[in-house]
J.: 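Handing you a structure now.
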2 protein chains.
Amino acid sequence: MPPFDTEAARTRLLDAAEELFYARGIRSVGMDDIRTGAGLPLKRVYALYPAKENLVEAYLERRDVRWRARLAAAVDAVDEPRERILAVFDWLGAWFREPGFRGCAWINGFGELGSVSPAMARLARAHKQAFADYLDGLVAAAGLRADVGPQLLLLAEGAMVTAGIFGTDAPAVQARAAAAALLRPA
Amino acid sequence: MPPFDTEAARTRLLDAAEELFYARGIRSVGMDDIRTGAGLPLKRVYALYPAKENLVEAYLERRDVRWRARLAAAVDAVDEPRERILAVFDWLGAWFREPGFRGCAWINGFGELGSVSPAMARLARAHKQAFADYLDGLVAAAGLRADVGPQLLLLAEGAMVTAGIFGTDAPAVQARAAAAALLRPA
DNA sequence: TAGCGTGGAGAACGCCCGTTTCCCGCGTAC
DNA sequence: GTACGCGGGAAACGGGCGTTCTCCACGCTA
C-alpha cells in the first residue's frame, strides 16, 4: 500500500482539506467532502491520516509554515528596518485582498474548537507565539523599545479579525498607519 | 401555556445558554445540555425558541446589550475625554481577568459559523459595528482625528483575541499603552 | 369522586458524520 | 487460463444531536 504516489496523494489531500477547512470551518466539513475534493478513496485518506484530528493538525502545520514564509518573503524584499515593520502590514493588506480571505485560520479554529480540543488550542498558541516572536525580532532589529512588539501584534491581530468579519482590507491600512505612529520615538 | 413563569424560564434558559455557548462554542453544546443547565423540560425550551438558531440569536443579542452597557458604565465613571478612551482598555483588562474569559463571543462565533450561517455573520458585524461606532464617538468627543477611532478598534480587537488565546490579561495593558501613544498629537 | 386538561420527563425519530468493512474488477504470476 | 491479491467505490455501522411525540401524574371542576 505505501509506495504508490503517496506523496502526491498527500498533497492533494492537504490541498482539499485546506481549501475546505479554511472556507467553512472545521466541524462544518465532513470527511466525505474532503475525499470528494481530493478525489481520493476514503480508505487512502484514512491510511494517510488515521483520524480527522490528524488531518486538521497537518493542515494547520503546513499552513503555518507557508504563511510565515510568505510573510517573511514580503518583509525580506525591504531593507530599512522600520520599513520592514511596515511591510508586515502591507503584506497583510495583500493577504486580505485575496479571494476567499476569511480571517485567520488559527483565530477561527481557536474560536471554534479552542475550548474543546487541546490540540487546536496548542496549535493556535504556537502559531501566534511564532508570529509574536517574529515581530519582536523586527522591532529589535530596528532598535526600538521592546514593548512595541506586542503592540504591533495587537494591531495585526485586530486587523485580521476586523478584515475577516467585515470583508474589507481597510484594516490593513489603518493598522499600518497606527504602526507608523508607534514607531516614532516617544 | 403562556402565562406561567415564562419570563423567569426565559431568563434561566438564556443564562444557561450563555454560560454553555460562551464556554464551549455553539456546535459543541447540545440542546440537552442547555435543558439540563436551565432545569427546564425540553418542551418548554422549544416553546420559547422554536429552534436552536433562535436561541443562539437571543443569547447573542442579550449579551450584546449587556456587554456594551458594562463598557459604557466603566467609561462613564471617567470625565476627561482622553481618559475615557483609556478607560475602555482598563475595562477590557478587567473583563479579561474574569474567570471563564474565553475571548470575544462574536469573534469566536464568527470563526465557527460565520461562513455557514448568515445570521451569525450579521450578528457579529452588527456587534462590531456598534463597538466601532462607540469608539468613534469617544474619539470625536476628545477632539481627535477621526482616523484614530478605527485604530483603537484594531487594538481592542487584537487584545481580545490575544488575551483569549493566551489566557492572559497582558494585552489589555499593552493595548492601553499603544492607545495612549496614538492619542498624542502627531 | 370522576373526568379532563395541562405540564413534566424522557423516549423516539431522522439525519448527519466519523470510521470501518465489504465487494468487485483488474493486473500479475505460474 | 486460472488463481491470487491489491486497490477503488460505496455501503454499513455506531454515536450524537436537533426536534417531536408519548405517557403519566397532578390539579381543577361539577
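Order of the sequence lines fixes the chain letters, A, B, ..., with proteins taken first and strands second; residue numbering starts at 1 for each chain.
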J.: If we fit an axis to the first five pairs and another to the last five of the helix from C:dT1-D:dA30 to C:dC30-D:dG1, what angle do they make, to the nearest 10°?
T.: 30°

J.: Specify whether A:Trp106 and A:His127 have parallel, tilted or perpendicular ring planes, treating 30° as the upper limit for parallel and 60° as the lower limit for perpendicular.
T.: parallel

J.: Side chains of B:Arg122 and B:Ser117: is there a donor and an acceptor less than 3.5 Å apart?
T.: no

J.: Within the structure, does a side-chain N or O atom of B:Arg44 lie under 4.0 Å from either OP1 or OP2 of C:dG7?
T.: no

J.: If a protein heavy atom is under 4.0 Å from the base, mark B; if only from the sugar-phosphate, S; if neither, -; do that for nucleotides 12-21 of chain C going 5' to 3'.
T.: ------SBB-

J.: To the nearest angstrom, how far is B:Leu40 atom CG from C:dA9 atom P?
T.: 9 Å

J.: Ion pair present between A:Glu98 and A:Arg70, side-chain N to carboxylate O less than 4.0 angstrom?
T.: yes

J.: Check the angle between the aromatic planes of A:Trp91 and A:Trp67 and answer parallel, tilted or perpendicular using the 30° and 60° thresholds.
T.: perpendicular

J.: In terms of side-chain heavy atoms, does A:Gln129 have a donor or acceptor partner in A:Asp133 at a distance below 3.5 Å?
T.: yes

J.: Identify each donor-acceptor pair in which a side-chain atom of residues 167-174 of chain B lies under 3.5 Å from a protein atom, sequence neighbours left out, and give them as a table.
T.:
unit_1, atom_1, unit_2, atom_2, d
B:Thr168, OG1, B:Ala170, N, 3.0
B:Asp169, OD2, B:Arg97, NE, 2.7

J.: Salt bridge check: are B:Asp79 and B:Arg84 linked by an N-O gap of less than 4.0 Å?
T.: no

J.: Is the closest basic N to carboxylate O distance between B:Glu157 and B:Lys128 below 4.0 Å?
T.: yes

